[in-house]
*Asks:* 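Please find one structure pasted underneath; my questions will follow.
Atoms within each ligand, like the ligands themselves, are counted from 1 in listed order. No experiment lies behind these values; they were computed from the predicted model shown.
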Amino acid sequence: MMNRRTWLQTALAGVTTTALPNVWAQALANSGPILTRAIPSSGQRLPIIGLGSSATFAQVARTEDREALKNVMAKMVELGGTVFDTAPSYGASEEVAGQIAQNLGIAQKLFWATKLNVAPRGGGAADAAAARAQLETSFKRIGKPVIDLIQIHNMGDIQTQLPILREAKEKGRIRYLGITTTFSDQYASMIDTMRTQKLDFIGTNYAIDDLFAEQTILPLAQERGIGVLVYAPFGRTRLWSRVKGQTVPEWAKEFDATTWAQFFLKFVASHPAVTCITPATSRVSNMVDNMAGGVGRLPDAAMRKRMIQLINSLPNA
Ligand SMILES: NC(=O)c1ccc[n+]([C@@H]2O[C@H](COP(=O)([O-])OP(=O)(O)OC[C@H]3O[C@@H](n4cnc5c(N)ncnc54)[C@H](OP(=O)(O)O)[C@@H]3O)[C@@H](O)[C@H]2O)c1
């Protein structure tokens with residue numbers, strides 16, 4: 001675990017300090033070690049902020065883009081982050097990120113979270129042989145003999161695909177298994193699967209203006225001892241439009257947030273069911289900002305209410 005001083009020095013390394021916005025320079029100065037949460041099924045602790053990759057790593061045709069993503073991944077690891085969320089269906093993401101991780105020599109440090117799904121969207125059956133082949137491709141891409149987490153993407157044919165993950169876990173090829181969805185028409189199925197299957201993780205959407213998960217999914221995860229990866233913590237970019245032209249309130253300093261990203265991430269992080277949040281970014285400066293959302297104080301219940309009231313008072317995106 002890095003101490004505050006080392007964390008700050010590392011955060012600033014490689015970032016153009018002249019271009020460093022004061023707001024998050026201040027947050028970094030106030031920061032401490034990265035907060036961690038235990039995976040309920042094992043006790044293994046994960047840094048609360050990681051990195052997502054669906055849009056940002058999906059199309060990486062140009063060398064400059066690859067260089068930028070390499071710097072983003074390297075920065076996350078330098079700052080104590082480990083969780084990288086990808087999927088075979090995210091275009092070039094799994095392949096490109098796997099190559100970057102191996103070239104940087106950080107593959108072993110990363111908590112590699114990928115997915116499995118060959119079923120058609122809308123409830124079709126998955127071909128078991130195709131699912132097994134996809135799994136093997138994921139192993140080749142990251143180049144690790146053991147993958148940390150594989151989840152069934154978007155609730156695709158759980159009956160066929162979950163047993164394939166169970167078998168991989170029993171053989172010690174994956175450490176954890178789970179299911180994901182961010183589609184409202186699949187929440188009931190996710191909840192049912194959480195109730196009836198033994199899972200290590202779920203992945204779902206949760207943001208300050210997207211609170212559905214608080215009703216059943218997050219409490220159920222706590223009750224059943226299931227870890228939660230949070231996706232789309234910026235409301236699928238909707239929140240950026242809502243706060244455009246608005247300054248972060250002074251009172252956010254009470255929980256060490258000086259940027260909107262930290263405000264949104266700390267809201268999510270302050271829910272006790274959350275194990276790790278994986279915001280996507282293609283910029284080192286935003287990666288640093290997001291990591292600062294995982295250090296320092298978090299809002300309490302009263303503060304969370306105040307935060308929601310503020311966001312609800314803003315126009316919809
Ligand atoms: N069913 C599933 O399994 C599922 C579904 C949805 C998402 N996910 C996972 O969750 C990840 C995150 O969700 P998401 O992709 O919907 O996106 P998101 O994390 O909600 O938003 C990413 C967007 O916010 C911007 N951004 C990031 N940090 C910022 C900062 N500090 N300041 C300002 N802008 C910032 C990024 O732009 P810049 O590039 O310019 O920073 C990007 O446009 C995905 O990439 C994926 O890995 C999984």
*Asks:* Do me a favour and list the nearest non-hydrogen protein atom to atom 12 (C) of ligand 1 with residue, atom name and distance?
*Replies:* Thr278 O, 3.2 Å

*Asks:* Indicate, with yes or no, if the rings of Phe264 and Trp240 have centres closer together than 6.0 Å.
*Replies:* yes

*Asks:* Looking only at distances, please establish whether an N/O atom of ligand 1 is found under 3.5 Å from an N/O atom of Ala232.
*Replies:* yes

*Asks:* Ring centres of Phe267 and Phe255 under 6.0 Å apart?
*Replies:* no

*Asks:* Just need the protein heavy atom nearest to atom 25 (C) of ligand 1, so name the residue and atom and give the distance.
*Replies:* Trp240 NE1, 3.6 Å

*Asks:* Closer than 4.0 Å to some heavy atom of Ser282 - which atoms of ligand 1 meet that?
*Replies:* 38 (P), 39 (O), 40 (O), 41 (O)

*Asks:* Which part of Ala207 is near ligand 1, with near meaning a heavy atom under 4.0 Å away: side chain, backbone, both or neither?
*Replies:* neither

*Asks:* State the atoms of ligand 1, each with its element, that fall below the 4.0 Å cut-off from a heavy-atom position in Asp289.
*Replies:* 31 (N)

*Asks:* Among all protein heavy atoms, pick the one closest to atom 40 (O) of ligand 1 and tell me residue, atom and distance.
*Replies:* Arg283 NE, 2.6 Å

*Asks:* Kindly indicate whether atom 8 (N) of ligand 1 is approached by any protein heavy atom to under 4.0 angstrom.
*Replies:* yes

*Asks:* Nearest protein heavy atom to atom 44 (C) of ligand 1, by residue and atom, and its distance?
*Replies:* Ser54 OG, 3.3 Å

*Asks:* Determine, using ring centers only, whether Phe212 and Tyr187 are less than 6.0 Å apart.
*Replies:* yes

*Asks:* What protein heavy atom lies closest to atom 36 (C) of ligand 1? Include the residue and the distance to one decimal.
*Replies:* Ala280 O, 3.6 Å

*Asks:* Which residue from Ile202, Val230, Asn286 reaches closest to atom 29 (C) of ligand 1 through any of its heavy atoms?
*Replies:* Asn286

*Asks:* Looking only at protein heavy atoms, identify the closest one to atom 47 (O) of ligand 1 and say how far it is in Å.
*Replies:* Asp85 OD2, 2.7 Å

*Asks:* Could you work out, for atom 2 (C) of ligand 1, the closest of Gln151, His153, Gln262, Arg238 by heavy-atom distance?
*Replies:* His153

*Asks:* Give the residue, atom name and distance (to 0.1 Å) of the protein heavy atom nearest atom 48 (C) of ligand 1.
*Replies:* Tyr90 OH, 2.9 Å

*Asks:* Hey, does Ser53 sit under 4.0 Å from ligand 1 if you only count heavy atoms?
*Replies:* yes

